There are 2 protein chains.
Amino acid sequence: MNDRSAQRLALLQETLAGGGTLHLRDAASLCGVSEMTIRRDLSTQSSALALLGGRLVMASYPSSTPAYDLAEQQANDYPLKHLLCKRAASFIEEGDTLFIDCGSTLVPLLGQLGNFHELTVVTYALNVATAVSALPNVRLVLLGGLFYASSQSFGSDDMRAAIERIGINKAFISAAGVDCTRGVSCFHFHEVAPKQAAIACASQRLLVIDASKIGMIRPAYFASLNDFDIVVTNEDAAPALFTHFTGRVLTHLPVPSSFEQSC
Amino acid sequence: MNDRSAQRLALLQETLAGGGTLHLRDAASLCGVSEMTIRRDLSTQSSALALLGGRLVMASYPSSTPAYDLAEQQANDYPLKHLLCKRAASFIEEGDTLFIDCGSTLVPLLGQLGNFHELTVVTYALNVATAVSALPNVRLVLLGGLFYASSQSFGSDDMRAAIERIGINKAFISAAGVDCTRGVSCFHFHEVAPKQAAIACASQRLLVIDASKIGMIRPAYFASLNDFDIVVTNEDAAPALFTHFTGRVLTHLPVPSSFEQSC
DNA sequence: GCGAAAATGTTATAATTATAACATTGCATG
DNA sequence: CATGCAATGTTATAATTATAACATTTTCGC
């Protein structure tokens with residue numbers, strides 16, 4: 001399996017580059033070989049294509065990867081993020097203009113947006129934009145620029161200026177690290193400008209983080225914990241987070257029990 | 001089938017809003033019903049979800065819709081666009097910075113980009129951006145703004161200025177209508193600014209249109225035929241196009257036979 | 001509570017898709 | 001031109017997914 005096989009995969013990949021599915025039967029006739037050969041191509045060579053129930057799809061496309069495999073460990077992770085986003089969504093009101101940060105934490109929030117009549121979403125993340133573009137009730141503003149694959153988001157010099165021109169109501173920010181004394185940080189420096197601009201412009205700022213982020217310090221610092229009005233996190237994690245927290249009082253923290261403002 | 005059913009679908013849609021697939025088995029256990037019930041929900045109510053080989057996906061997501069159904073009439077249309085794009089791709093050179101227009105015509109071009117070592121793609125279309133984001137060898141610059149679902153693209157006041165700041169090498173432009181005397185037009189007015197800016201800035205301008213567009217006049221005029229250096233179209237359509245064409249001579253028109261410069 | 005109708009579950013069966021085993025073709029090398 | 005090996009095709013069988021039929025449960029009006 002080498003040259004011919006690779007060529008076939010290239011042709012198929014080319015065909016599917018724009019998205020869509022291709023039945024194995026059609027893929028075979030397109031390449032002028034039998035279905036079995038296509039199957040063997042896929043299992044021998046590694047490619048960007050995936051076979052999903054007899055149909056070929058681009059593996060990198062968002063809808064092809066399993067989102068919720070009950071058998072996998074992700075089943076532990078996903079419901080948590082879903083829960084956090086459900087809490088976060090309780091702060092959304094009809095007509096809001098929301099800034100939604102990049103990363104996977106806030107993705108389940110997007111599903112909740114269908115429950116409103118009219119919203120506006122501002123984002124610099126491609127995965128967020130793709131999900132929101134399918135919602136007829138949500139106006140989408142994508143802040144463009146150069147694409148960074150690592151975070152599926154865009155960076156640009158005038159990101160800050162672009163955000164300042166928009167009347168953002170509520171900012172939903174995610175982070176890769178939160179430390180009581182060292183503040184809130186993320187992995188990629190190009191995320192700093194949009195995050196800071198959104199924090200500066202929004203009238204309400206929400207930080208949404210799961211417990212695993214607490215105590216972590218990541219390369220790109222972008223805010224102090226005090227810059228946020230609301231922190232949404234796991235209940236069991238909340239006390240640990242605020243041990244050395246000396247800033248202003250957090251309101252509306254949706255952690256009903258077990259949370260004590262120990263500072 | 002009404003209330004309960006709709007709620008289940010809403011939950012599933014929420015779960016899949018961010019993309020990914022959900023096995024029917026998992027969907028059933030998530031909703032606390034049998035697989036059969038989910039199947040019935042899907043077949044009774046219409047929703048944004050699709051069942052693809054035992055897995056649920058968002059139907060609106062690019063990778064879920066069949067791209068090339070050999071049994072359908074699209075099989076007649078797609079190969080043509082593929083052919084046009086193959087010709088158009090022959091003008092691409094290593095290291096180029098390409099402007100790629102919105103619409104479906106240029107989508108097959110994106111598959112060809114994988115054959116190069118390093119390229120930069122500038123676009124204001126979400127579907128183009130999604131496809132290009134999967135290519136590791138292509139730098140992607142997305143021109144953002146307000147999203148227009150009708151053309152899967154973005155519009156913004158400073159689109160023109162943003163394009164002028166980028167050194168665009170070759171502009172690949174599509175159109176919904178081309179008329180010998182009335183010029184080149186499209187359906188949506190927000191497309192005019194980016195198209196015109198790209199035409200103004202690029203050092204080489206290519207118009208890619210299939211024969212069905214010739215003779216059509218659409219609401220939004222954006223260029224004269226003379227503004228383009230190269231026109232890529234079906235061979236049989238070329239002569240008709242240039243009957244009253246009095247502008248400068250087109251070079252590199254990749255229509256080897258049957259084409260006569262009748263002007 | 002009773003009975004009808006809707007909703008859901010269960011089972012059987014058909015259709016499709018996946019895997020494995022073996023047959024055939026085609027190409028390169030001596 | 002025979003030989004061997006890689007590539008592909010064919011067929012059989014297993015596994016999965018889809019559909020249909022019927023059983024059971026739930027819901028709601030009376």
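Note on naming: letters A, B, ... go to the chains in the order of the sequence lines (proteins, then strands), and numbering restarts at 1 for each one. Quantities reported herein were computed from a predicted structural model and do not represent experimental measurements. When reading the values below, keep in mind they use all heavy atoms of this one structure, side chains included, and skip hydrogens, waters and symmetry mates.
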**Study point:** Residue whose nearest DNA chain C nucleotide is more 5′ - Arg4(B) or Arg55(B)
**Key:** Arg4(B)
Check your understanding: Phosphate oxygens OP1/OP2 of dT17(C): is one of them under 4.0 Å from a side-chain N or O of His23(A)?
Key -> yes
Practice item. Could you state the atom-to-atom distance from CG of Leu24(A) to P of dT8(D) in whole Å? Key: 15 Å
Point to revise | Length of the line joining Gln45(B):CD and dA6(C):P, which is rounded to integer Å | key: 15 Å
Check your understanding: Please give, in whole Å, the distance from dT24(C) C1' to Met36(A) CE?
Key -> 15 Å
Practice item. Pick base, sugar-phosphate or nothing for Arg39(B), based on heavy-atom distances below 4.0 Å to the nucleic acid. Key: base
Practice item. With sequence neighbours left out, write down each residue that passes side-chain hydrogen bond (donor to acceptor under 3.5 Å, both in side chains) with Gln7(A), or none if nothing qualifies. Key: none
Practice item. Ignoring backbone atoms, test whether Ser34(B) places a side-chain nitrogen or oxygen under 4.0 Å from the OP1 or OP2 oxygen of dG9(C). Key: yes
Check your understanding: Under 3.5 Å, is there an N or O donor on one side and an acceptor on the other linking the side chain of Arg40(A) and the base of dG9(D)?
Key -> yes
**Study point:** Expected output: side-chain Arg55(A) to main-chain Thr21(A) donor-acceptor under 3.5 Å
**Key:** no
Check your understanding: Between dT17(D), dT8(C), dA20(C), which one does the side chain of Arg8(B) approach most closely?
Key -> dT8(C)
Practice item. Quickly work out the Ile38(A) CD1 to dT19(C) P distance and round it to whole Å. Key: 15 Å
Practice item. Kindly assign one of parallel, tilted or perpendicular to the pair Tyr148(B) and His190(B), based on the angle between their ring planes and the thresholds 30° and 60°. Key: parallel
**Study point:** Option passing side chain to side chain contact (heavy atoms under 4.5 Å, CB included) with Lys213(B) (candidates Thr105(B), Thr233(B), Leu207(B))
**Key:** Thr105(B)
Review point. Within the structure, does a side-chain N or O atom of Ser5(B) lie under 4.0 Å from either OP1 or OP2 of dA7(C)?
Key: no
Check your understanding: With no hydrogens and no angle check, do the side chains of Thr37(A) and Ser34(A) hold a donor and an acceptor under 3.5 Å apart?
Key -> yes
Review point. Between dT17(C) atom P and Asp26(A) atom CG, what is the distance in whole Å?
Key: 11 Å
**Study point:** d(CG, Leu51(B); P, dT16(D)) in whole Å
**Key:** 16 Å
Point to revise | Length of the CG-P vector between Leu9(B) and dT8(C), whole Å | key: 11 Å
Exercise for review: Could you tell me the separation between the CD atom of Glu35(A) and the P atom of dT11(D), rounded to a whole number of Å?
Suggested key: 14 Å
Study note, to complete from the structure: Of dA20(C), dT8(D), dT10(C), the nucleotide closest to the side chain of Thr37(A) is dT8(D)
